[in-house]
Every structure is written in C-alpha cells, then in structure tokens.
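See below for the structure under consideration.
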Amino acid sequence: MSILGTIAVAFKALMRNPTRAMLTTLGIVIGIAAVITMMEIGTGSSNSIRESIEKMGANSVLIIPGAFRQSGVNKGSGTQMSLTPEDCEAINRECEDVGVAVPIVNANGYQVIAGNQNYMPARIQGSAPAFLEIRNWEIDEGRRFTEREVQSRARVCLVGSTIVREVFGGISPIDNQLRIKDTTFTVIGVLKSKGANMMGADEDDVIILPWTTARLRLTGLKTGDATNTTSTAATSPSDLYPGEGVAIYPEPVETMEDDTLHVPKFIHIDQILFMAVSPDKVNDAVDSVTNLLRERHRLKPDQDNDFRIRNSAEFMKMLTGTSTIMTNLLLGVALISLIVGGVGIMNIMLVSVTERTREIGLRMAVGARSKDILQQFLIESMVLCLIGGVVGILLGHGAALVVNAYLKWPVESSPEAVFAAVVVSAGVGIIFGFYPAWKASRLDPIEALRYE
C-alpha cells in the first residue's frame, strides 16, 4: 500500500472507536497545552523585562561616586563626590568603545510652581542633549535643548507626561513657564510617556534641564562630600573648573580621613551615564572607562576605585536568566504530562494490536509484508499524537490569552514552541508506538488467522 492508503486505513481504524481514541490523546493534549502556555507566558515575561530595561537604555552604564569615609564610618556609595565634568569629557574623548557619555546632576526635593499649582516631582535631573538618546527617550511635543543652551546655562527644561497632567492640567505646556526654587524655566519639550519601570516607579514624573543650569542655578557648586557640602554661586562658565595649580586629588595622608574634613577643592557632578557602541561592547567599555578613571584619579594599584559602575546589561542578563530558569522548570513539569500521555498511547496501541490480530493475519496472508504492518501501526500512533498536538496547541494558546486577559500577565506567541510541539507530538507517536507496531509486524500469519 502507498503511504496515503496506509494513512486512510489508519484513520478508519481509529474512527471505529472515536471515544477511546479521544481519551487516548488526552494526555498528549494536556502536555502540549501546558508546554505552549508556559512558553508563551515565559516569552512574554522575558520580552517585558527586556523592554523595561530598554526604556532605561539597553547599553547604558551608570557611574556613581564611591563611598566617603569619616572617622572610620562608611557613608555609602555616592557620598565621595569623586566625579568631575572633565571625567565625562575624557571618557568621550579617549574611550573607543563608548558611544557617548553625559554628566548628570540631581536636583531632587524641590517644588515646582506653575500658576496656582504646586507640585514636587519624583526626579529633577540635569544632563546633556545626548541623555535622551542613551535613555531611549523620544520627544512627544516641542524640542530638546541644545549643547549651546547647556554651555549658556539656559533656563529651559523638558517635562514628562506626569508633570503635564499634575502641573499644567493636561494642557500643552510648550513655551509656558514653571518655577523651581527661585529660578523660572521655560518648557520647550514634552517627553513621550514611558509609564512605570520594572520597580514600579513612574518614569514620566521627571523634569530634565541642562546640567550646568541645574548645578549653578539650583544646587550650587557643591564640593567636598555629600554630607559636608559648600555651595557657592557661579557667575561665569570659568567657575565650573578649578584654577591651575589646585590639586584636585591631593596625596592622602594617614590621618586625613579620620581627623580632617575634606577641604572643598573642585565642583562635582553626581553621576556619569554612558552608552556602549553596541551590546557586545559593554564589558569592554566598562573596562576602558574604569582604567581611564583610575588613571585620572591617580589611584594606586592597591587602592579601591573611588567610583561605582552599574551595568544595566548585566541586570538584564540576570533578570532574563531568572525568567528562563523558571520557564524551563515549568516546562519540565509539563513534559511529564507528555510522557504519561505517551505511555497511554502505547497501552492503547497494544490493546489495538490484540483486538486486530485476525486482521493482521489476513493482511499478511494476502501479501502484506512485516514492514507494511509496522508502518500502519506507527502511522496510527503518529496520527493520534498529531491530533492531540494540534488540539493542545489551540488549547494552550487559548489558555495564554485567558491569562493575559484576566491576570494581565504579558504573553507572546512563540512560533518556535508551536513547531517544537508538532515535532514532539510526532516523536512521542513514533517512540511509544514503535513497540506495539513491531509486535504486530512479528505476528505469524497462520497463528494470527487462528486467533479468536
């Protein structure tokens, strides 16, 4: 018989007892449905994590000052004030694996006043125009500030959608003014909404302005350490940089940290944010920046870094790795259902061989070879599993949609999972159907015809 003829005979044999065939495939249906559901939920979760990190900048790396120590007490990361604008310029100039680096000045804790509205945003940050590129942030309305406006300490700002809603009542704020501390700023752009990040914080509750403006007009030229600061007003751009002959990093003496407060010597920036030229160059960029800053800060080989580096790529890898482990664990549980379903198919196929012994003997008597009998029963087993696989795929996708609709979990269809489910279904049919088919093909025709 041809393959098509054998398939037709297999379907006829299965339709003799459709209820039994349906119950036989139930284990395969459950197993495949569980696999598809877990794969779609796992893929959706991984992509959601990746998109959330991409909102913050997929290749971005954050540099923060190290910990300041006084009287033997470690004040924590960010208190040493060891980063300067020149550090950022050097990174842009000398590190080939860095696409762009920008300084960041934090001016949080100030109220924003516009008309009769008074509001305290979650974040007020000063930076450079490339900050939006690194953070993968687009302008929804208006424009971004320019490098010239950074150099001139222009009183302009960009606002998030939360600021538009809370301060301006949802009306376009372009060319309107708002006041921070005692300085009035003109709104020149509205940032496209990002929503909440993976930590639940509102990304749109932010005001971004030129970093020179934030440092000189809001926070002042803070120097020293974060717990002991001196603020001075600056009247010219030359005030941004220390004069010649001033030791930015004086040679430390043994009793300096314990007995002496740090003398203000230079202005600082709160952070440096940079983006690697590509995702696979992040580690190289981190190494080159680390070496450059150690050299600029005149750190000896046995001294620890006076800065900390936070790599979002490593964070993404950790989170997606955790998601993958959990998905694989659930897949392992789902595959047990496939094994149980395969054992059920083997059992029912053995029963079928016993019931159809005379049929097998008759086919052999009229010329069917052992190979033909083996082929017929293997095809019957595969048809059962493939039908179960198709039904399982539909049920699994439906279950994923229900989870998305009612639990709001992110799900995403996975063509690879569908293809794998079909292959696994056929494989289960072959593996668990081979023994019954082999047993049927080894029957003696005469003994089979005598079987009652």
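What you see is a predicted model; the values in this text were computed from it and never measured.
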Notebook entry, point to check: Rounded to the nearest 0.5 Å, what separation is found between the CD1 atom of Ile180 and the CD1 atom of Ile207?
Noted result: 4.5 Å
Check: Looking at Thr213, Leu178, Ile208, which hits side-chain contact (heavy atoms from CB on, under 4.5 Å) with Cys157?
Finding: Leu178
Check: Has Tyr435 got more than 12 heavy atoms of other residues, nucleotides or ligands less than 6.0 Å from its OH?
Finding: no
Next item on the list: May I have the step-by-step check of side chain to side chain contact (heavy atoms under 4.5 Å, CB included) for Arg144 and Glu149, ending in yes or no?
Entry: CA-CA 10 Å; Arg144 66 180 66 190; Glu149 288 170 323; over 6 Å; no
Next item on the list: For Gln303 and Lys300, indicate whether the former's side chain and the latter's backbone hold a donor-acceptor pair under 3.5 Å.
Entry: yes
Next item on the list: Say whether, by atom type as modelled, one donor and one acceptor occur between the side chain of Thr219 and the main chain of Ala107 under 3.5 angstrom.
Entry: no
Checklist line | Any side-chain donor near an acceptor of the partner, Thr162 and Asp202, under 3.5 Å | finding: yes
Notebook entry, point to check: Can you name the closest pair of heavy atoms from Ala154 and Pro210 and give their distance?
Noted result: O-CG, 3.9 Å
Notebook entry, point to check: Which of these, Leu378, Ile379, Ile373, sits in a side-chain contact (heavy atoms from CB on, under 4.5 Å) with Gln375?
Noted result: Ile379
Check: Going by the side chain to side chain donor-acceptor pair (under 3.5 Å) test, which pairs reach into residues 30-44, not counting sequence neighbours?
Finding: Glu40-His397
Notebook entry, point to check: Ignoring hydrogens and geometry, is there a side-chain-to-backbone donor-acceptor pair from Asp270 to Asn106 under 3.5 Å?
Noted result: yes
Note to self: Quick one, Arg16 and Arg356 - any side-chain contact, counting heavy atoms below 4.5 Å?
What the structure shows: yes
Notebook entry, point to check: If you draw a 6.0 Å radius around CG in Asp444, do more than 12 non-hydrogen atoms from other residues or ligands fall strictly inside?
Noted result: yes
Note to self: Do the side chains of Glu355 and Arg20 get close enough for a salt bridge, i.e. N-O under 4.0 angstrom?
What the structure shows: yes
Next item on the list: For residues Ile272 and Cys88, report the shortest heavy-atom separation together with the two atoms involved.
Entry: CD1-N, 3.8 Å
Check: Where the side chain of Asp205 meets the backbone of Ala122, is there a donor-acceptor pair that is under 3.5 Å apart?
Finding: yes
Next item on the list: Grab the two heavy atoms, one from Met120 and one from Gly109, that are nearest each other, plus how far apart they are.
Entry: CE-O, 3.6 Å
Note to self: Are the side chains of Trp438 and Leu374 in contact, using a 4.5 Å heavy-atom criterion?
What the structure shows: yes
Item checked: side chain to side chain contact (heavy atoms under 4.5 Å, CB included) evaluation trace for Arg294 with Asn305 -> CA-CA 7 Å; Arg294 286 187 62 86; Asn305 294 335; 2.6 Å; yes
Check: What is the distance from atom CD1 of Ile28 to atom CD1 of Ile387, rounded to the nearest 0.5 Å?
Finding: 12.0 Å
Notebook entry, point to check: Quick one: does Pro436's side chain get under 4.5 Å of Met346's, heavy atoms only?
Noted result: yes
Note to self: So Ser288 and Cys95, do their side chains get closer than 4.5 Å, heavy atoms only?
What the structure shows: yes
Check: Checking Asn92 side chain against Glu89 main chain: does a donor-acceptor pair fall under 3.5 Å?
Finding: no
Item checked: Donor-acceptor contact below 3.5 Å, side chain Arg215 vs main chain His268 -> yes
Margin query: Counting neighbours of CZ on Arg143 that are heavy atoms of other residues, nucleotides or ligands and sit closer than 6.0 Å, is the number greater than 12?
Written below: yes
Next item on the list: Would you name the heavy atoms of Pro103 and Ile269 that are closest together and state the gap between them?
Entry: CB-CD1, 3.6 Å
Check: At what distance, to the nearest 0.5 angstrom, does OG of Ser352 lie from CD of Glu359?
Finding: 8.0 Å
Note to self: Would the distance check show the side chain of Thr25 and the main-chain N or O of Leu384 forming a donor-acceptor pair, the cut-off being under 3.5 Å?
What the structure shows: no
Margin query: Can you confirm whether Glu147 is buried at CD, in the sense that more than 12 heavy atoms of other residues, nucleotides or ligands lie under 6.0 Å from that atom?
Written below: yes
Item checked: Student check: side-chain heavy atoms of Leu218 and Leu209 closer than 4.5 Å -> yes
Note to self: I'd like to know if the side chain of Asn291 and the backbone of Asp287 have a donor-acceptor N/O pair within less than 3.5 Å.
What the structure shows: yes
Margin query: Whether the side chain of Arg135 engages the backbone of Ser60 through a donor-acceptor N/O pair (distance < 3.5 Å, no angle test) should be reported.
Written below: no
Next item on the list: Supply the atom-to-atom distance Leu273 CG to Ile134 CD1, rounded to the nearest 0.5 angstrom.
Entry: 4.5 Å
Note to self: Return the CD1 to CG distance between Ile163 and Leu158, rounded to the nearest 0.5 Å.
What the structure shows: 12.0 Å
Margin query: Tell me the closest heavy-atom pair linking Glu203 and Arg123, and the distance in Å.
Written below: O-NH2, 3.1 Å
Check: What orientation do Phe307 and His297 show, parallel under 30°, tilted 30 to 60°, or perpendicular over 60°?
Finding: perpendicular
Check: Between Ala276 and Ala285, which heavy-atom pair has the shortest distance, and what is it?
Finding: CB-CB, 4.1 Å
Note to self: Contact between Leu293 and Ile63 at the side-chain level, heavy atoms closer than 4.5 Å - yes or no?
What the structure shows: yes
Next item on the list: List the steps, then state whether side chain to side chain contact (heavy atoms under 4.5 Å, CB included) holds for Leu386 with Val390.
Entry: CA-CA 6 Å; Leu386 287 174; Val390 171; 5.6 Å; no
Notebook entry, point to check: Is there side-chain contact between Val422 and Ile393, with at least one heavy-atom pair below 4.5 Å?
Noted result: yes
Margin query: Run the side chain to side chain contact (heavy atoms under 4.5 Å, CB included) test on Asp140 and Ser161 for me, step by step, so that the C-alpha distance in whole Å, both residues' side-chain angles and the decisive distance to 0.1 Å come before the verdict.
Written below: CA-CA 9 Å; Asp140 189 39; Ser161 57; over 6 Å; no
Note to self: Strictly by salt bridge (Lys or Arg N to Asp or Glu O under 4.0 Å), give each pair with a member in residues 6-15 just once, sequence neighbours left out.
What the structure shows: none
Note to self: Working to the nearest 0.5 angstrom, can you tell me the gap between Arg310 CZ and Leu62 CG?
What the structure shows: 6.5 Å
Check: Would you call Asp204 and Leu191 a side-chain contact if the rule is heavy atoms closer than 4.5 Å?
Finding: no
